[in-house]
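Note that the structure is a prediction, hence the values are computed from the model and not measured. In listed order, ligands and their atoms are each counted from 1.
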Amino acid sequence: MNAESCTYVVFGATGNLSRIKLMPAFYHLDVAGKLPDGTKILAIGRREWTQEKWISEVKDMIQTKIKEAFDELIFKRFAERLHYHFGDLQQSECYSSLASTLEQPTFSKNIAFYLSISPMDFGFVMEHISDNQLFDETSDWRRVVIEKPFGYDFDSAQSLQRRISHYLTEEQIYRIDHYLGKGTVQNVLVFRFANVMLEPLWNRNYIDHIQITHSESIGIDGRGDYYNSSGAMRDMLQSHLLQLLTLVTMEPPVSMEAEALRDEKVKVLKSIRPIPKEAVHGHAYRAQYAAGVVNGEKVNGYLQEAHIPPNSITETYASMKLYIDNWRWRGVPMYLRTGKRMKKGQSIISICFRHPPLQFFRDSALNSAVDRNWIMLGIQPEECIRVEITVKEPGLEMKTRTSSLDASFRNSDEKAIDAYEDLLLDVLKGDRSLFLRFDEVEYAWKIVDPILQTWAIERDYVATYPAGSWGPEDSRLFDKECQKWRTSLTPDGKTEAK
Ligand code: BG6
């Protein structure tokens, strides 16, 4: 698919996401020569800024974010793509004046609207864009990128969907989950489906359990209002981590075409065994960070953060156990967890294989010492794929150690690409395979809703963990004593003390 020139209209352009992700991603795409000629980025903002002021703001965003040296000349070329439209989203004049601005010949008539705004405003903003005929695709395409959260639970996601489907067809909607744009996440598909030796092992006969851990050392980062009404389960698990789980466990799609891929992901979500409310405590755990030390610095607890009510029960850590009731995975526990203010920021998928039968070593001291095989997928910061196997230590004794076959996919001279770069480009190409279809969102809410509903009622006690630790003691989730959270990509540092 070819990227076509377009006007990206960014709502919420002065906000956090735009600063740290969108503008740097547009800039990198331009530097890489990937933005088609004529592509413009039109920011909508409530502040009465001039074009020059907006350009200097974007320059600042890019200089703060990029790792490579900043080149004035390249930025000057990029700045020609930048435009600013002053207007208040809550006022209908904002949309009529936007419609006249977009009439100017400088703007391509293919338009992608990027809604980086509060979900509460989605309906209103779309209604007004639609009233000004800006979604009309009679001669050119119109697409809408919607940032998460898509709803607050199953019911609110459905009502949001009903509202936006008044204005848009499903083909026009790009529900973004930026985890699907990450390099290793896409590599999971290649790793699984382009390597024939893995497929026979990728099932309940050989795999003991799967873990997905996303930990962050940062806290809520000035987003108190949003985070307190969301919490870790909604913010990360319902979206990003369930998406990772679908990619690791789905059946091979018939093609890499968007619908084929999404069909397989939905099948996984549909096969997840529902958690009855009375079983929530055996399947999920929540906690809040207390004051502690992160990277040598003393930090506040969650309840002391700005905009957090002193009696908040919002979880900053959430873990859960799921079962996928299909032929491939029946009986294999899937453990997922995420937390803020943990010891280290990283996302890893750990696949633990069963013990070998061991008869061969029956009479040797090895019997209990042989470790299991793991496949480790490092999503970030380290992007890697490692297969751990047991080998004999050199020497006279029959001793073993774990060795790691490293299939890291980036050479040192190959640059990492931010997930948003890939996804912003896919919108220009009209490729929706890495965006969510509504039924994926629906089924994901169905999985977590019973947990959220139970937690919402139980308001008396929320466990805490010291900031800078590996989280609370939630080993009750594990099916077997030998199962525990893996915290390291390397075999020697498998688990670190909490
Ligand atoms: C966002 C969440 O969707 O993902 C944040 O709202 C979280 O709370 C972020 O920090 C993590 O994304 P990444 O790409 O930094 O791992």
Side-chain angles (χ1 to χ4, degrees), residues 12 15-25 28 64-65 67 114-120 145-152 157 174-188 212-245 247 286 288-289 294 299 302 305-308 312 314-318 336-349 377-384 416-424 434-436 440-441 444-445 448 467 471 489:
N16 208 26
L17 181 78
S18 171
R19 280 181 181 277
I20 59 176
K21 294 288 185 188
L22 301 182
M23 295 304 151
H28 278 140
T64 328
K65 198 65 200 164
K67 298 204 175 81
Y114 198 112
L115 302 191
S116 173
I117 53 176
S118 157
M120 284 185 323
V145 187
I146 303 179
E147 266 292 336
K148 72 169 243 294
F150 198 85
Y152 184 76
Y174 289 67
R175 294 180 199 84
I176 202 164
D177 182 316
H178 76 280
Y179 265 60
L180 297 181
K182 292 190 188 265
T184 317
V185 175
Q186 293 176 33
N187 206 11
V188 168
I212 303 181
T213 288
H214 168 84
S215 54
E216 294 181 51
S217 56
I218 56 167
I220 51 173
D221 224 9
R223 297 193 303 158
D225 283 335
Y226 155 75
Y227 198 86
N228 201 53
S229 61
S230 167
M233 182 62 88
R234 289 188 176 88
D235 186 51
M236 287 296 304
L237 272 173
Q238 185 272 347
S239 46
H240 307 320
L241 298 202
L242 280 179
Q243 280 296 317
L244 294 185
L245 182 68
L247 296 179
R286 66 173 162 175
Q288 250 177 18
Y289 61 83
V294 178
V299 298
Y302 179 67
E305 302 277 16
H307 307 294
I308 303 301
S312 167
T314 299
E315 77 287 353
T316 60
Y317 175 98
L336 279 62
R337 69 165 176 169
T338 183
K340 299 261 182 211
R341 281 284 188 233
M342 290 176 65
K343 187 158 188 169
K344 196 169 161 190
Q346 66 178 10
S347 303
I348 55 178
I349 302 176
L377 306 167
I379 310 289
Q380 61 187 28
E382 199 178 335
E383 295 175 295
C384 66
I417 290 176
D418 187 81
Y420 277 91
E421 294 175 35
D422 221 352
L423 297 172
L424 288 172
L434 296 179
F435 294 83
L436 308 186
E440 294 182 69
V441 179
W445 279 122
V448 302
L489 280 169

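- Under a 3.5 Å cut-off, the side chain of Arg337 and the backbone N or O of Ala318 do not form any donor-acceptor pair.
- For Asp418, the side-chain hydrogen bond (donor to acceptor under 3.5 Å, both in side chains) criterion is met by Lys21, not counting sequence neighbours.
- Residues passing the side-chain hydrogen bond (donor to acceptor under 3.5 Å, both in side chains) test with Tyr179, sequence neighbours excluded: His214, Gln380.
- Applying the salt bridge (Lys or Arg N to Asp or Glu O under 4.0 Å) criterion to Lys340, with sequence neighbours excluded, gives Glu216.
- Side-chain contact annotation: Asp422 with Gln186, donor-acceptor N/O pair under 3.5 Å present.
- At least one side-chain heavy atom of Tyr226 sits less than 4.5 Å from a side-chain heavy atom of Asp235.
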Put together the list of close N/O pairs, under 3.5 Å, between ligand 1 and the protein, could you?
from: ligand 1; atom 1: 3 (O); to: Lys148; atom 2: NZ; distance (Å): 2.7
from: ligand 1; atom 1: 3 (O); to: His240; atom 2: NE2; distance (Å): 2.7
from: ligand 1; atom 1: 6 (O); to: Lys148; atom 2: NZ; distance (Å): 3.0
from: ligand 1; atom 1: 6 (O); to: Arg223; atom 2: NH1; distance (Å): 3.4
from: ligand 1; atom 1: 6 (O); to: Arg223; atom 2: NH2; distance (Å): 3.3
from: ligand 1; atom 1: 6 (O); to: Asp235; atom 2: OD1; distance (Å): 2.6
from: ligand 1; atom 1: 6 (O); to: Asp235; atom 2: OD2; distance (Å): 3.4
from: ligand 1; atom 1: 8 (O); to: Arg223; atom 2: NH2; distance (Å): 2.4
from: ligand 1; atom 1: 8 (O); to: Asp235; atom 2: OD2; distance (Å): 2.5
from: ligand 1; atom 1: 8 (O); to: Lys340; atom 2: NZ; distance (Å): 2.7
from: ligand 1; atom 1: 10 (O); to: Glu216; atom 2: OE1; distance (Å): 2.9
from: ligand 1; atom 1: 10 (O); to: Glu216; atom 2: OE2; distance (Å): 3.1
from: ligand 1; atom 1: 10 (O); to: Lys340; atom 2: NZ; distance (Å): 3.1
from: ligand 1; atom 1: 12 (O); to: His178; atom 2: NE2; distance (Å): 3.2
from: ligand 1; atom 1: 14 (O); to: His178; atom 2: NE2; distance (Å): 2.7
from: ligand 1; atom 1: 14 (O); to: Lys182; atom 2: NZ; distance (Å): 2.6
from: ligand 1; atom 1: 16 (O); to: Tyr179; atom 2: OH; distance (Å): 2.5
from: ligand 1; atom 1: 16 (O); to: Gln380; atom 2: NE2; distance (Å): 2.6

